[in-house]
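Computed from heavy atoms alone, side chains included, the values below leave out hydrogens, waters and symmetry copies.
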Amino acid sequence: MIRSALLLALLSAIPFAHAAPDLTTVAERSQFQKTGRYDEVIALCAAFQKAYPKHVKCIEFGRTPEGRPMQALVVTRTGAMSPQAAAARALPVVLVQGGIHAGEIDGKDAGFLALREVLEGRAALGALDKQVLLFVPVFNVDGHERFKAWNRPNQRGPAEMGWRTTAQNFNLNRDYAKADSIEMQSMLALVNAWDPLVYVDLHVTNGAKFEHDISIQVEPVHSADVDFRQAGLALRSGVLADITKLGSMPQPFYMSFAEEDNPASGFADGVSDPRFSTGYFALRNRLGVLVETHAWKDYPTRVRITRNSVVSVLEQVAQHGKAWQTVAREADARAARLGGTELPLTYKPTDKKRMIDFRGYAYTRTQSDVSGALMTRYDETRPQIWTVPLRDEVLPDVMVSAPKAGYIVPAAHAAMVARKLGQHGISYRTLGAQQARAEVETFRAEKVTYAPGSLESHQRVTLQGAWKAEPRAIGKGALFVPVAQAKARLVIALFEPAGPDSLLQWGMFNTAFERKEYMEDYVAEDVAREMMAADPALAAAFKAKVDSDPAFAKDADARLAFFAKRHSSYDERLNLYPVMRTAVAP
C-alpha cells in the first residue's frame with residue numbers, strides 16, 4: 001500500500017503531455033497588478049491554438065522594424081479560418097486591436113480574458129458561431145518591449161508597461177491614412193485581406209479625474225455615409241447599454257475638456273481625421289469603435305470594463321452583424337456613385353450647447369507656486385455632480401466637390417502614389433499611352449504655408465487655391481484613380497488638397513512648391529527693361545502697381561518677381577499640385 005501510494009504521488013507530480021495549456025495571463029495571476037512581456041503573447045497565441053485547434057489559429061501578419069513577430073489570433077466556431085472562407089460564407093469579421101499605444105495595455109490582458117471566457121462558453125454564448133474574431137493583442141510590439149515603470153505617469157497601473165510610440169518613434173494612431181510605418185502597412189494588409197466589418201481600437205485616455213470610467217465612440221455616427229450612420233449608432237447604443245448594466249458609467253464622447261484643465265468648460269464631441277482609426281474606417285464604409293478607459297481607474301477595473309466592451313461588441317455583431325453587412329455593402333455601392341457630388345472632408349461641433357450632469361469630484365482651481373499657472377486639483381473622496389455644457393451637434397465643415405471621373409497622377413509620382421494606394425487596397429490603373437492635350441482640372445497654389453516643425457517625420461503643408469480647368473499633357477505611365485469604387489471617400493480624402501490627411505498635406509509633394517531656377521538680380525534688371533521696352537502695356541501695368549501698392553513699391557524682390565513670372569524662363573510648374581482631376585476616364 002505504501003509503495004502504491006508513493007507511486008501515485010510520483011505520477012501525479014509528472015505533467016501529462018496532453019495536459020490543457022495554461023491560458024491565464026501574468027495580469028490575472030498577479031491580481032491585475034502587472035502585465036506580461038511580449039513573449040507571453042507569443043506563448044498564449046500558440047497555447048490557445050493548441051487548446052482549441054478547431055476554433056483558434058495563431059498567425060503572424062508582419063515583422064516590426066526590430067524584427068519581432070506581429071501576431072494575431074483567428075477565432076471562430078464556423079470553421080472559416082481564412083479570409084477566403086469567411087468571405088465565401090459572408091461572415092462578419094470583427095478585428096479587436098490592443099496596444100496601439102503600448103503603455104495603454106488594457107486591451108491585451110482584457111482581450112485574452114474575454115477570448116478565454118467566450119471559448120469556454122462563459123460569455124457571449126453562440127457569438128463565435130456567427131462571426132470571425134481577429135484579435136491582435138499588441139499592435140505596437142516594439143513599443144511594448146520598451147518596458148518599465150512610469151512610462152505612463154498619469155495612469156494607475158500596471159506596475160510596468162510599454163511605450164506610446166514605435167521603435168521608429170511613430171505614433172501608430174496618427175498613421176492610418178499616410179501609412180508610413182511597417183506596423184501600419186502590415187495592419188492594413190491584414191485589413192485588406194479580411195475586410196472586417198467592425199474594427200475595435202482599445203485605448204486608455206489621459207485627462208482629469210472624475211467618476212466615469214470609459215467612453216465608447218463609433219463612426220460613422222456623425223460622418224461619412226449618412227444611411228450607414230444608423231448601424232454605427234445602433235452599435236454604440238448597444239455597447240453603452242451592455243456595459244452600463246455591468247456597472248460602468250460610460251459616455252459616448254471623448255472626455256477631454258473643451259478648455260484644457262477647466263471642468264466648467266464642459267465637452268465637445270467631434271469626428272477624428274483619417275489619421276485616426278475611427279476617422280479612417282468610416283471612409284472605408286466600415287464601423288470603427290474607439291474604446292477609451294479612464295487612466296485614473298486602477299488596472300483591475302480598466303481590464304474588467306475593457307473585457308466587458310469586447311464581449312459586448314461580439315454579442316452585438318452576433319445579433320446584428322448580417323444586417324450591418326448588408327448596409328455596409330449598400331454604402332459601398334453609394335460610394336462608387338459619389339463622382340461629381342459635394343461631400344465633407346472634415347466635421348466640427350456647432351456652437352449649440354446642452355447642459356448635462358457629469359459625475360466628477362469636488363475641485364479647486366488655484367495659482368500654482370511651481371508652474372505659476374492656474375491648476376485644478378481634485379478631491380476623490382468627494383464625488384460631485386458637475387452640470388456642464390456639451391456640444392454634440394456635429395456637422396460638416398470643409399466641403400469639396402468630387403471629380404466626376406477621378407484623379408490623374410503623373411508618371412513622375414506614380415511609384416510613390418501606387419505604393420500608398422496598394423497599402424489601402426484602392427483600385428487604379430496605369431495609362432499605357434500619352435495624351436498631348438487632356439481637358440483636366442489643376443490646382444495652383446496661391447499661397448503655400450509650411451508647418452514650422454516636423455510632425456510624424458513630415459513637414460506638413462497647406463495651400464490656398466482652387467481647382468480650375470486647364471488643358472495639360474498626360475504622359476505614359478501616369479495613374480488614373482477612379483472615384484467609382486467602394487473606397488471613393490478614402491480616395492477623395494487622400495487626394496484633395498484641403499483634406500487634413502491628404503498626401504499633399506503630409507508633405508509628399510513638397511518639391512512642387514520649391515523654386516529651383518531663378519535669375520540673378522542684375523540679369524533680372526536688364527530683362528525687366530527689355531520686357532517693358534518690347535511691351536508698353538506691361539510697362540504701364542508695372543508703373544500702376546508701383547504707384548498703387550506701397551508695400552510692393554518698397555519690395556525689391558517683389559518688383560523683380562513681377563517680370564520674372566512673366567518671362568519665358570519662369571517655371572510654370574512652380575506651385576502646381578502634380579495631381580489632376582478629370583471628368584472623363586482616360
Can you tell me if [X] uses its side chain to pair, donor with acceptor, with the backbone of [Y] under 3.5 Å?
X	Y	result
Tyr254	Ala268	no
Asn308	Ile243	no
Thr278	Val289	no
Ser309	Ile305	yes
Ser186	Ile182	yes
Ser272	Gly279	no
Gln325	Leu197	no
Thr430	Leu479	no
Gln459	Ala451	yes
Glu40	Val26	yes

Quiz item: Does the salt bridge (charged side-chain N to carboxylate O under 4.0 Å, His left out) test come out yes or no for Asp175 and Arg275, once each step is laid out?
Solution: CA-CA 5 Å; Asp175 200 32; Arg275 72 192 70 172; over 6 Å; no
Atom [atom1] of [X] and atom [atom2] of [Y]: how far apart are they, to the nearest 0.5 Å?
X	Y	atom1	atom2	answer
Leu44	Lys50	CG	NZ	13.0 Å
Gln49	Cys58	CD	SG	6.0 Å
Asp201	Gln97	CG	CD	4.5 Å
Leu494	Ile426	CG	CD1	5.0 Å
Asp397	Lys348	CG	NZ	4.5 Å
Ile59	Ser82	CD1	OG	10.5 Å

Exercise. Please step through salt bridge (charged side-chain N to carboxylate O under 4.0 Å, His left out) for the pair Arg307 and Glu117, ending with a clear verdict.
Key: CA-CA 10 Å; Arg307 172 265 179 208; Glu117 291 180 347; 2.8 Å; yes
Strictly by modelled atom types, are [X] and [Y] linked by a side-chain donor-acceptor pair under 3.5 Å?
X	Y	result
Ser277	Tyr199	no
Asn140	Thr166	no
Trp150	Gln155	no
Thr376	Asp261	yes
Glu219	Ser223	yes
Arg152	Asn206	yes

Exercise. Check the pair Glu496 / Arg581 against salt bridge (charged side-chain N to carboxylate O under 4.0 Å, His left out), numbers first and verdict last.
Key: CA-CA 10 Å; Glu496 283 298 324; Arg581 299 180 3 151; 2.8 Å; yes
Is the [X] to [Y] ring centre distance short of 6.0 Å?
X	Y	answer
Phe257	Phe267	yes
His294	Phe210	yes
Phe276	Tyr176	no

Quiz item: Does the pair Arg63/Glu60 count as a salt bridge with the N-to-O cut at 4.0 Å?
Solution: yes
Self-check item: Pairing of Glu28 and Arg116 as salt bridge, 4.0 angstrom limit
Solution: yes
Self-check item: Smallest separation among heavy atoms of Trp296 and Ala208, with atom names
Solution: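 That would be CD1-O, 3.5 Å.
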Self-check item: Where Leu345 and Ala493 come nearest, the two heavy atoms and their spacing
Solution: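 In this case the closest contact between Leu345 and Ala493 is CD2-CA, 4.3 Å.
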Using the salt bridge (charged side-chain N to carboxylate O under 4.0 Å, His left out) criterion, which residues pair with [X]? Sequence neighbours excluded.
X	result
Lys34	none
Asp269	none
Arg174	none

Quiz item: Above 12 or not: heavy atoms from other molecules or residues under 6.0 Å from NZ of Lys57?
Solution: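 Count not over threshold, so no.
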Quiz item: Got more than 12 heavy atoms from elsewhere within 6.0 Å of OH, Tyr518?
Solution: no
Report yes if some heavy atom in the side chain of [X] is under 4.5 Å from a heavy atom in the side chain of [Y]; otherwise report no.
X	Y	value
Leu343	Ile492	yes
Met255	His212	yes
Val221	Arg229	no
Lys516	Glu514	yes
Phe495	Val409	yes
Trp506	Arg460	yes
Glu456	Lys178	yes
Val75	Val132	no

Quiz item: When you look at Gln316 and Trp324, which way does the side chain to side chain contact (heavy atoms under 4.5 Å, CB included) test go after all the steps?
Solution: CA-CA 10 Å; Gln316 293 296 323; Trp324 292 342; 4.1 Å; yes
Quiz item: side chain to side chain donor-acceptor pair (under 3.5 Å) between Asn510 and His458: does it pass, once the steps are laid out?
Solution: CA-CA 10 Å; Asn510 276 5; His458 294 265; over 6 Å; no
Self-check item: Pairs meeting criterion side chain to side chain donor-acceptor pair (under 3.5 Å) with involvement of residues 282-292, two or more places apart
Solution: Asn192-Arg284, Asp195-Arg286, Tyr280-Arg284, Asn285-Asp332, Arg286-Asp332
Quiz item: Mind checking whether Tyr577 and Phe443 have parallel, tilted or perpendicular rings, split at 30° and 60°?
Solution: perpendicular
Let me check something: any side-chain donor-acceptor pairs from residues 106-113 under 3.5 Å, sequence neighbours excluded? List them with distances.
unit_1	atom_1	unit_2	atom_2	d
Asp106	OD1	Arg302	NE	3.4
Asp106	OD1	Arg302	NH2	3.1
Asp106	OD2	Thr293	OG1	2.9
Asp106	OD2	Arg302	NE	2.8
Lys108	NZ	Thr35	OG1	2.8
Lys108	NZ	Gly36	O	2.8
Lys108	NZ	His144	NE2	3.0
Asp109	OD2	Thr35	OG1	2.7
Asp109	OD2	Tyr299	OH	2.5

Quiz item: Who are the ring pair (Phe, Tyr, Trp, His ring centres under 6.0 Å) partners of His203, not counting sequence neighbours?
Solution: His101
